[in-house]
Amino acid sequence: MKIIEDIDEMHHYAMQLRHEGKAIGFVPTMGALHEGHLSLMRQAREASEHLVVSIFVNPAQFGPKEDYKEYPRDPRGDTGMTRTADVDTLFTPSPSAIYPEGYRTYVDVEGLSGVMCGRTRPGHFRGVATIVLKLLNIVRPHKAFFGQKDYQQTVIIRRMTKDLHLGVDVMVLPTVREADGLAMSSRNQYLNPEDRRSAAILYRSLQEARSQFDKGEHSAERLREAILGTLKYEPSVQLEYAAIVHPETLEEVREAGQGTVIAIAAQIGRTRLIDNILL
Ligand code: PAF
């Protein structure tokens with residue numbers, strides 16, 4: 001596995017691979033890799049001739065009071081995991097190379113960035129869109145892979161790649177879960193054992209909404225009540241939002257149908273977790 005830190009080197013290498021006709025697959029990450037990332041890497045591996053994984057904890061997507069400093073970092077573990085996943089190139093740029101002094105350019109995907117997680121995390125998706133565009137420009141992949149767990153992020157990235165004619169296929173792969181249903185996330189490490197146990201209620205509440213939907217309940221209000229009713233059993237879980245939305249516009253629907261997305265965010269202790277399902 002080749003490890004590249006330098007942006008120009010990565011770019012030139014990617015251009016050379018393209019020139020050789022290699023299909024480049026790309027998995028951008030913030031490190032602290034877990035089974036969810038591994039699953040993305042495995043599927044990206046199958047779909048590409050050259051697999052690039054990036055690790056970059058992006059300061060631009062953290063608010064001033066958020067966990068940029070504490071965000072888990074495990075370069076040794078991550079390198080081991082990327083080797084296991086048969087990654088060809090690991091790209092690890094530095095923050096000062098990505099955002100050098102005088103840096104001024106940011107991407108705003110309007111309308112999609114201010115709803116749901118965007119309400120409590122202003123600027124978050126501007127940071128995500130900006131870094132993803134920069135990484136796509138550097139790595140020049142044919143396909144880029146993202147997890148469905150960050151559903152709003154995937155919608156924003158899809159919209160951006162289309163709006164800006166980036167010519168990259170955005171592949172969204174199913175959320176990988178722990179045995180009790182909790183969606184895998186690098187932030188799960190923050191949970192103490194009791195909060196970790198309570199956190200399983202998030203997915204259970206989504207499953208309850210799905211089961212009501214399957215029984216014929218399509219009213220978004222009722223489905224939201226099903227979620228709130230389930231979450232009541234874990235008072236330590238503070239719901240931030242439960243959104244029942246159109247899968248592309250992220251607009252709230254009154255009646256859920258096939259393809260409607262139910263997304264939730266909640267605070268458990270000091271940890272903020274998100275999850276979603278597609279009906
Ligand atoms: O999903 C993530 O880990 C990040 O938001 C991403 C896409 C790597 C951008 O920093």
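We count ligands from 1, going down the list as the structure has it; atoms in each ligand are counted the same way.
- What sits closest to atom 3 (O) of ligand 1 on the protein, heavy atoms only, is Met30 CG, 3.7 Å.
- Considering only non-hydrogen protein atoms, atom 10 (O) of ligand 1 sits nearest to Gln61 OE1, 2.6 Å.
- For the salt bridge (charged side-chain N to carboxylate O under 4.0 Å, His left out) condition, the pairs that include at least one residue of residues 96-121, sequence neighbours left out, are Glu66-Arg121.
- Taking the charged nitrogens against the carboxylate oxygens, Asp180 and Arg196 do have a contact shorter than 4.0 Å, which makes a salt bridge.
- Salt-bridge formation is detected for the pair Arg45/Asp88: a Lys NZ or Arg NE/NH1/NH2 atom is positioned less than 4.0 Å from an Asp or Glu carboxylate oxygen.
- Contact annotation for Ile157 and ligand 1: no heavy atom of the residue comes within less than 4.0 Å of the ligand.
- Short contacts between ligand 1 and Pro28, defined as distances under 4.0 Å to a heavy atom of the residue, involve ligand atoms 8 (C).
- When each atom of ligand 1 is checked for a heavy atom of Ile131 under 4.0 Å away, the hits are 9 (C), 10 (O).
- Residues Val155 and Met116 share a hydrophobic cluster, clusters being chains of Ile/Leu/Val/Met/Phe/Trp/Tyr side chains in contact below 4.5 Å.
- Between Glu35 and Arg177 no salt bridge is recorded (no basic side-chain N to carboxylate O distance below 4.0 Å).
- Of the listed options Gln153, His37, Lys149, Gln153 places a heavy atom closest to atom 2 (C) of ligand 1.
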